Amino acid sequence: YKKERENGMSLEITAVPIATLVIMGVAFGIALLNGVINRALIGHFIGWDRYRTMQKEMAEHRSATLAAARANDKKQLEKLKKKESQIQQMTAQMMKPQMIQLGISFLYIFVWLFVLTPTFGNNNVAYLPGYGPITVFWWYPIASFFLGLLSSRLIGTMPIE
């Protein structure tokens, strides 16, 4: 929008596009729903305390294996290899809720391609400094990614560390 001043100069006034906020709201809503479902699935199939313990054990095992491989410590690698079957069992147990969650995650793509893209078309819906105006085709994945991280922090679910 441009507004004329009394002295004849124009002053540019920028309005926040409603489309930007709508898309961010939809992305955040789906991210919250996804996080709540993820938390419920992990709680049901594994339990949060056990899940955190398994994450920690797997990270420690991975770290110890890398350190032993870098140091070329064959004795330590053999010792760690004995625990490999237990780590694989933990991985398999953690995969069950993640596989169910994968199907639910297609909601992001469905909403993006079949709801938001036809609704907003090729119109610019956001502006990225240094890049310029962008369409819903780019804005929704960007908003989904960052708002998904935010919602996972709010809900207390973190990806495997």
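Computed from a predicted structure; not experimentally measured.
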Going by heavy atoms in the side chains, are [X] and [Y] under 4.5 Å from each other?
X: Arg153; Y: Leu149; value: no
X: Met94; Y: Phe45; value: no
X: Gln89; Y: Gln93; value: no
X: Ile134; Y: Ile142; value: yes

Of all residues at least two apart in sequence or in a different chain, which pass the side chain to side chain contact (heavy atoms under 4.5 Å, CB included) check with [X]?
X: Leu107; result: Ile30, Leu33, Val111
X: Glu57; result: Arg50, Thr53, Lys83, Gln86, Met90
X: Ala31; result: Tyr108, Ser151
X: Leu150; result: Phe28, Leu147, Leu154

Approximate separation, where rounding is to 0.5 Å, of [X] [atom1] and [Y] [atom2]:
X: Met95; Y: Leu102; atom1: CE; atom2: CG; result: 8.5 Å
X: Leu41; Y: Lys96; atom1: CG; atom2: NZ; result: 10.5 Å
X: Phe146; Y: Met24; atom1: CZ; atom2: CE; result: 11.0 Å
X: Glu84; Y: Thr65; atom1: CD; atom2: OG1; result: 6.5 Å

Taking [Y] as the starting point, is it possible to reach [X] by hopping between hydrophobic residues whose side chains are less than 4.5 Å apart?
X: Leu66; Y: Ile87; result: no
X: Met58; Y: Ile42; result: yes
X: Ile155; Y: Ile46; result: yes

Side-chain donor/acceptor pairs under 3.5 Å, residues 112-125, sequence neighbours excluded:
{"unit_1": "Trp112", "atom_1": "NE1", "unit_2": "Phe137", "atom_2": "O", "d": "3.3"}
{"unit_1": "Thr117", "atom_1": "OG1", "unit_2": "Trp112", "atom_2": "O", "d": "2.6"}
{"unit_1": "Thr119", "atom_1": "OG1", "unit_2": "Val115", "atom_2": "O", "d": "2.5"}
{"unit_1": "Asn123", "atom_1": "ND2", "unit_2": "Phe120", "atom_2": "O", "d": "3.2"}

Closest non-hydrogen atom pair between Pro141 and Val136, with its separation
CD-O, 4.0 Å

More than 12 heavy atoms of other residues, nucleotides or ligands under 6.0 Å from OH of Tyr127: yes or no?
yes

Show the numbers, then the answer: is there a side chain to side chain contact (heavy atoms under 4.5 Å, CB included) between Lys75 and Lys79?
CA-CA 6 Å; Lys75 194 178 236 185; Lys79 185 178 174 183; over 6 Å; no

Distance-only, no hydrogens or angles: does the Trp48 side chain make a donor-acceptor pair with backbone N or O of Arg39 under 3.5 Å?
yes

